[in-house]
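Everything below concerns the one structure shown next.
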Amino acid sequence: QTQLVESGGGLVRPGGSLRLSCAASGASMAYRAINWFRQAPGKEREYVSCISSSITTYADFAKGRFTISRDNAKNTVYLQMNTLKPEDTGVYYCAASLSSVCSSGIAFWGQGTQVTVSS
């Protein structure tokens, strides 16, 4: 059975950086688009970024600060987050799409990793 496991979260000061990882076990994710979502305290889950075989996409708040990438040999997707702000605080989830298209539905979710940005 396929699992997605996020790691790399933690406590950072405003302006700092974190790199999140989403490691897949079981089936290869090479032919699926992979997404990042986040959920801040008291707010709904929101889209952060997606990577397919041909494109990357970002929410407006992530553009210029976050970078999504993937290493198919390691079956892992990364989210590099720079210039972090307190409003970036939340639980970050990776999710595999049903297909290679970023706009397709979600097939699998990870368990989430906590990111806290605070002075």
Side-chain angles (χ1 to χ4, degrees):
Q1 188 173 56
T2 301
Q3 285 193 101
L4 302 176
V5 179
E6 302 94 332
S7 62
L11 174 64
V12 296
R13 298 289 186 257
S17 298
L18 285 173
R19 189 178 77 155
L20 306 184
S21 297
C22 173
S25 61
S28 173
M29 298 292 106
Y31 305 108
R32 297 185 188 271
I34 303 295
N35 309 264
W36 287 95
F37 293 83
R38 71 183 187 186
Q39 188 166 23
K43 295 186 177 181
E44 295 182 359
R45 183 174 56 198
E46 64 181 341
Y47 159 82
V48 176
S49 185
C50 181
I51 185 167
S52 71
S53 61
S54 58
I55 64 166
T56 58
T57 65
Y58 299 92
D60 285 344
F61 65 79
K63 292 177 181 175
R65 297 192 298 127
F66 295 3
T67 303
I68 191 169
S69 62
R70 69 194 305 169
D71 184 340
N72 287 333
K74 295 181 178 179
N75 215 15
T76 299
V77 173
Y78 305 96
L79 184 68
Q80 177 68 45
M81 305 189 296
N82 299 325
T83 319
L84 284 162
K85 306 173 181 179
E87 52 263 45
D88 294 319
T89 293
V91 179
Y92 283 68
Y93 301 89
C94 65
S97 293
L98 288 165
S99 74
S100 62
V101 179
C102 279
S103 60
S104 65
I106 301 302
F108 310 108
W109 290 90
Q111 86 288 353
T113 186
Q114 176 71 45
V115 171
T116 303
V117 185
S118 176
S119 60

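- In the hydrophobic clustering of ILVMFWY residues, with side-chain heavy atoms under 4.5 Å counting as a link, Leu18 and Tyr92 come out together.
- Heavy-atom minimum distance, Leu98 versus Ala107: CD2-CB, 3.7 Å.
- Gln114 CD: more than 12 foreign heavy atoms inside a 6.0 Å radius.
- A distance-only check finds no donor-acceptor pair linking the side chain of Asn75 to the backbone of Ser25 [under 3.5 Å].
- The cationic atom of Arg32 (NZ for Lys, CZ for Arg) does not lie both less than 6.0 Å from the six-membered ring centre of Phe108 and within 45° of the ring axis.
- When each of Val117, Leu84, Leu11 is tested with Thr89 by the rule side chain to side chain contact (heavy atoms under 4.5 Å, CB included), just one qualifies, namely Val117.
- For the pair Arg13 (side chain) and Ser118 (backbone), a donor-acceptor distance under 3.5 Å is present.
- With hydrogens and angles disregarded, a donor-acceptor distance shorter than 3.5 Å links the side chain of Arg65 to the backbone of Thr83.
- In this structure, the side chains of Ser97 and Cys102 stay at 4.5 Å or more apart for every pair of heavy atoms.
- When atom types are taken as modelled, the side chain of Glu6 and the backbone of Leu20 share no donor-acceptor pair closer than 3.5 angstrom.
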Residue pair Ser28, Asn72: steps toward the side-chain hydrogen bond (donor to acceptor under 3.5 Å, both in side chains) verdict | CA-CA 8 Å; Ser28 173; Asn72 287 333; over 6 Å; no

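- Of the possible donor and acceptor atoms, none in the side chain of Thr67 sits under 3.5 Å from a partner among the backbone N and O of Gln80.
- When side chains are defined from C-beta on, Val77 does not count as touching Met29, because their heavy atoms never get closer than 4.5 Å.
- Within a 6.0 Å sphere centred on OH of Tyr31, heavy atoms belonging to other residues, nucleotides or ligands number 12 at most.
- Shortest non-hydrogen contact noted between Ile51 and Arg70 is O-NH1, 3.4 Å.
- In this structure, Phe61 and Phe66 have perpendicular ring planes: the angle between them is above 60°, well past the 30° mark.
- Expressed to the nearest 0.5 Å, how far OG1 of Thr113 lies from CG of Leu79 amounts to 11.0 Å.
- With rounding to the nearest 0.5 Å, the separation of SG in Cys50 from CH2 in Trp36 is 12.5 Å.
- Between the OG atom in Ser53 and the CD1 atom in Ile34 there is a gap of 11.5 Å [rounded to 0.5 Å].
- Residues Tyr47 and Ile106 are members of one and the same hydrophobic cluster, defined by side-chain heavy-atom contacts under 4.5 angstrom among Ile, Leu, Val, Met, Phe, Trp and Tyr.
- Val48 and Val91 are not part of a single hydrophobic cluster, where members link through side-chain heavy atoms under 4.5 Å apart.
- Counting heavy atoms from C-beta on, the side chains of Val12 and Met81 never come closer than 4.5 Å.
- Across Arg38 and Asp88, no two heavy atoms sit closer than the pair NH1-OD1, 2.9 Å.
- At a threshold of 4.0 Å, the pair Lys63-Asp60 counts as salt-bridged, since one of the basic side-chain nitrogens sits closer than that to a carboxylate oxygen.
- With Ser49 contributing its side chain and Thr57 its backbone, the two residues share a donor-acceptor pair below 3.5 Å.
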Do Ser21 and Ser7 pass the side chain to side chain contact (heavy atoms under 4.5 Å, CB included) test, and can you show the C-alpha distance, the side-chain angles, and the key distance before you say yes or no?
-> CA-CA 5 Å; Ser21 297; Ser7 62; 3.7 Å; yes

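- In this structure, the separation between SG on Cys94 and CD1 on Ile68 is 9.5 Å, given to the nearest 0.5 Å.
- Atoms CD and CD, on Gln39 and Glu44 in that order, are 8.5 Å from each other to the nearest 0.5 Å.
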